[in-house]
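Let me begin by presenting the structure, written as structure tokens, before commenting on it.
Note that this is a predicted model, so its numbers are computed, not measured. Residue indices begin at 1 and follow the sequence shown.
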Amino acid sequence: MTTSGISRRSLLAGAAALAAAAGPLASLARASLARAAARTPKVLVIGLDGTLLTRVKDADAPRLKSLMAGGLTAASPLYANPFAPTMSGPGWSTIITGVWPDKHNVKDNAFTGQRFAQYPDFLTRVETAKPSLSTYAVSSWAPITDTIFSSKVDTRVSTPSAEYDTGTTDRAVARLGSAPGPDAVFVQLDNVDHAGHTYGAASRQYLDAIHGVDTQVGRLVDALASRATYADEDWLVLVTADHGHTDAGGHGGSTWQERQTFLIANGGTTTPGSVRHDVRMPDVAASALAHLGIAVDPAWGLDGRPIQQPSPDDFDSLRPRLQTPVDESGIGAGVIGFTHTPPAGWSVDNSRMGTGGVTEWRGWTFTTDEFWTKAQRDQQRESNVRARNVFAVADGDEWQDKAFTGTFDSTLVSPAWPVSGGAPATLSYVTHYVQESPQKGEVLVSYDGAAPVTVKTYTSDTVAKAESLTLNVPAGATTAQVRFRYTGGNNWYWVIDQVKLATS
């Protein structure tokens with residue numbers, strides 16, 4: 001096989017079927033199944049600098065497309081200034097450490113003020129948790145292996161510029177083919193980014209560069225499959241990118257193309273041909289660690305979560321209901337991305353809401369990163385990095401871009417969740433709030449249908465934050481209902497996502 005994952009699934013299925021059969025072969029089948037289940041987990045992360053997933057689909061790229069067909073594909077949006085520019089330093093640091101730029105603090109390619117001691121690379125975490133494992137990193141862009149990966153990594157190689165991606169691929173193939181070989185590998189290839197800068201993402205040369213890197217990816221995957229011990233190994237292959245490119249060439253800005261990244265995952269528990277909308281850049285590190293059997297410690301403060309452990313919320317169920325634009329003219333006629341219909345159990349109270357305004361943003365709206373950020377660039381909407389898939393937004397700023405009366409006053413209301421009277425509960429959610437007076441965001445809780453009580457108020461910027469509030473549940477209470485009320489005029493916005501209420 002030329003892609004990881006498929007042959008292993010076949011092995012498991014065949015062994016399981018044989019084990020279920022009666023007769024003298026049953027014990028042999030059970031032994032075969034046990035050996036399959038005990039395969040050694042290993043990880044290969046391949047970084048394709050400046051590569052657009054949309055152009056991979058246009059290019060002659062059979063090996064990448066084979067990995068997509070045999071596994072998971074997820075497009076993922078990036079941030080933009082002032083959170084961080086769409087550059088390689090912040091991009092690779094986010095992928096490799098599993099945290100966003102507001103934590104690792106890389107805001108350019110100089111790495112000034114980086115916090116890698118607090119948020120180390122995933123290979124360093126492997127070395128710390130399981131020092132017996134062999135780690136290897138090789139890159140065509142030297143700062144990755146010189147700066148982001150620490151000296152705790154067993155082998156770090158920065159390929160001489162004269163050898164470029166050819167040398168990087170040769171070194172990685174040799175290491176992957178060695179015995180006993182590595183357990184966790186990172187490889188970065190740079191030529192697609194070079195073509196993007198020189199010729200632009202809309203060029204024939206950019207497609208040709210993708211074809212070239214596709215061949216190199218094929219060599220890396222073939223090196224895995226040709227290992228003498230391959231049948232006893234469980235390889236997870238993760239392919240990703242640090243940023244996109246404009247059609248004319250270049251990156252660093254806030255256009256949708258510059259903000260594009262992706263993850264192709266093949267092997268492990270991935271489902272062939274699957275597509276996800278909830279994957280973000282920090283998930284690469286978390287997924288690699290999870291596959292190697294290294295539990296993510298909450299104290300690490302990772303923003304990534306393993307793709308092996310999806311955690312959809314109620315808002316994500318709305319994706320099939322999303323609509324194309326009505327009043328917004330700059331989003332694109334074919335872009336699907338908003339609905340006012342809440343998920344089951346939720347409601348929106350617009351009884352105090354003004355009339356008119358931009359249809360898409362009248363009251364709380366359920367939307368996506370692409371749809372919302374295209375409504376208006378460079379107003380920190382791109383900094384909403386901790387929301388995933390579909391999220392809720394109250395956007396008074398965009399609502400007032402069309403004739404209206406009254407003010408923006410809308411309340412998002414949760415289901416009535418069960419609680420234990422007298423025992424504390426924890427309300428968690430992701431918030432992205434940008435303030436301009438007069439404006440206010442309120443979180444209120446009602447127990448057993450009583451009058452709502454304010455538990456949190458927002459009147460200053462709270463950008464891309466994961467909140468956790470302890471609720472003192474009254475004695476005898478059996479349910480709690482949460483309200484998010486946003487009031488204001490032409491005064492920015494409030495995003496809410498991943499709302500959960502946990503009881504002790």
Side-chain angles (χ1 to χ4, degrees), residues 51-57 64-65 67-80 91 94-95 98 100 238-241 243-244 256-266 268-287 290 303-325 331-332 334-344 346 360 364-375 381-393 429-430 432 464 466 495-500:
T51 301
L52 285 163
L53 180 62
T54 53
R55 298 298 273 158
V56 169
K57 295 176 180 179
L64 287 168
K65 291 175 182 177
L67 289 173
M68 294 166 67
L72 161 72
T73 304
S76 180
L78 264 178
Y79 39 72
T94 298
I95 289 168
W100 291 109
L238 303 171
V239 184
T240 189
H243 55 71
W256 184 244
Q257 279 192 279
E258 291 169 278
R259 294 179 57 227
Q260 289 310 289
T261 58
F262 65 89
L263 176 63
I264 299 169
N266 189 290
T269 59
T270 59
T271 301
S274 57
V275 175
R276 294 253 299 267
H277 301 281
D278 63 324
V279 175
R280 304 303 300 264
M281 291 178 73
D283 296 350
V284 175
S287 302
D303 293 314
R305 65 189 188 198
I307 58 171
Q308 302 93 328
Q309 302 166 21
S311 182
D313 68 2
D314 292 345
F315 302 157
D316 295 344
S317 67
L318 298 176
R319 182 164 281 273
R321 299 184 182 181
L322 299 180
Q323 308 168 41
T324 54
I331 292 175
V335 178
I336 297 173
F338 94 97
T339 182
H340 288 300
T341 303
W346 289 77
E360 288 87 336
W364 280 94
T365 302
F366 305 95
T367 189
T368 65
D369 184 286
E370 178 180 16
F371 195 93
W372 188 48
T373 57
K374 282 185 175 181
R381 289 173 179 82
E382 298 88 358
S383 300
N384 180 40
V385 295
R386 290 186 171 88
R388 294 172 181 257
N389 202 351
V390 179
F391 51 85
V393 62
Y429 55 94
V430 166
H432 179 61
V495 172
I496 292 294
D497 196 25
Q498 300 165 47
V499 185
K500 293 180 174 61

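To the nearest 0.5 angstrom, L78 atom CG is 8.0 Å from R280 atom CZ. Interatomic distance, T324 OG1 to E360 CD, rounded to the nearest 0.5 Å: 9.0 Å. Atom OG1 of T73 is separated from atom NZ of K65 by 11.5 Å, given to the nearest 0.5 angstrom. A distance of 8.0 Å separates CD1 in I307 from CG in D283, rounded to the nearest 0.5 Å.
Looking at heavy atoms from C-beta onward, D369 lies in side-chain contact with R259 at the 4.5 angstrom threshold. Proximity of V385 to M281: side-chain heavy atoms (C-beta onward) are nowhere separated by under 4.5 Å. Using a 4.5 Å cut-off on side-chain heavy atoms (C-beta onward), R276 and L263 make no contact. In this structure, W256 and P77 have side chains that are in contact, with non-hydrogen atoms separated by less than 4.5 Å. A 4.5 Å side-chain heavy-atom check between R321 and F366 finds every atom pair outside the cut-off. Looking at heavy atoms from C-beta onward, V335 lies in side-chain contact with K374 at the 4.5 angstrom threshold. For the pair V499 and D314, the minimum side-chain heavy-atom distance is 4.5 Å or more.
Salt-bridge check for R388 with D316: failed, with every basic side-chain N at 4.0 Å or more from each acidic carboxylate O.
With T240 as the partner, the side chain to side chain contact (heavy atoms under 4.5 Å, CB included) test is satisfied by one option alone out of L53, T51, V284: V284. Checking each of H243, Q260, E258 against L52 for a side chain to side chain contact (heavy atoms under 4.5 Å, CB included) leaves exactly one that passes, namely Q260.
Not a single donor-acceptor pair under 3.5 Å links the side chain of T367 to the backbone N or O of F338. In this structure, T373 contributes its side chain and R381 its backbone to no donor-acceptor pair below 3.5 Å. Side-chain N or O atoms of D313 include one that pairs as donor or acceptor with a backbone N or O of Q498 at under 3.5 Å. Formation of a donor-acceptor pair under 3.5 Å by the S76 side chain with backbone atoms of V279 is found in this model. The closest donor-acceptor contact from the side chain of T270 to the backbone of L72 lies at 3.5 Å or more, if one exists at all.
S383 and A464 make their closest contact through O-CB, 3.3 Å (heavy atoms, listed as atom of the first residue, atom of the second, distance). Nearest approach of G98 to P282, heavy atoms of both residues: O-CB, 3.2 Å. Across P343 and F315, no two heavy atoms sit closer than the pair CG-CD2, 3.8 Å. Nearest heavy-atom pair, T94 versus W100, reported as atom, atom and distance to 0.1 Å: CG2-CE3, 3.8 Å. Taking all atoms of both residues into account, the shortest heavy-atom contact from D497 to A387 is OD2-CA, 3.4 Å. When all heavy atoms are compared, the tightest approach of P320 to S317 is CD-O, 3.3 Å.
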Walk me through it: do T365 and H340 pass the test side-chain contact (heavy atoms from CB on, under 4.5 Å)?
CA-CA 5 Å; T365 302; H340 288 300; 3.1 Å; yes

Evaluation steps, side-chain contact (heavy atoms from CB on, under 4.5 Å), between R319 and T368
CA-CA 9 Å; R319 182 164 281 273; T368 65; 3.6 Å; yes

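A perpendicular orientation is assigned to the rings of F391 and W372, their planes being inclined by more than 60° (bins at 30° and 60°).
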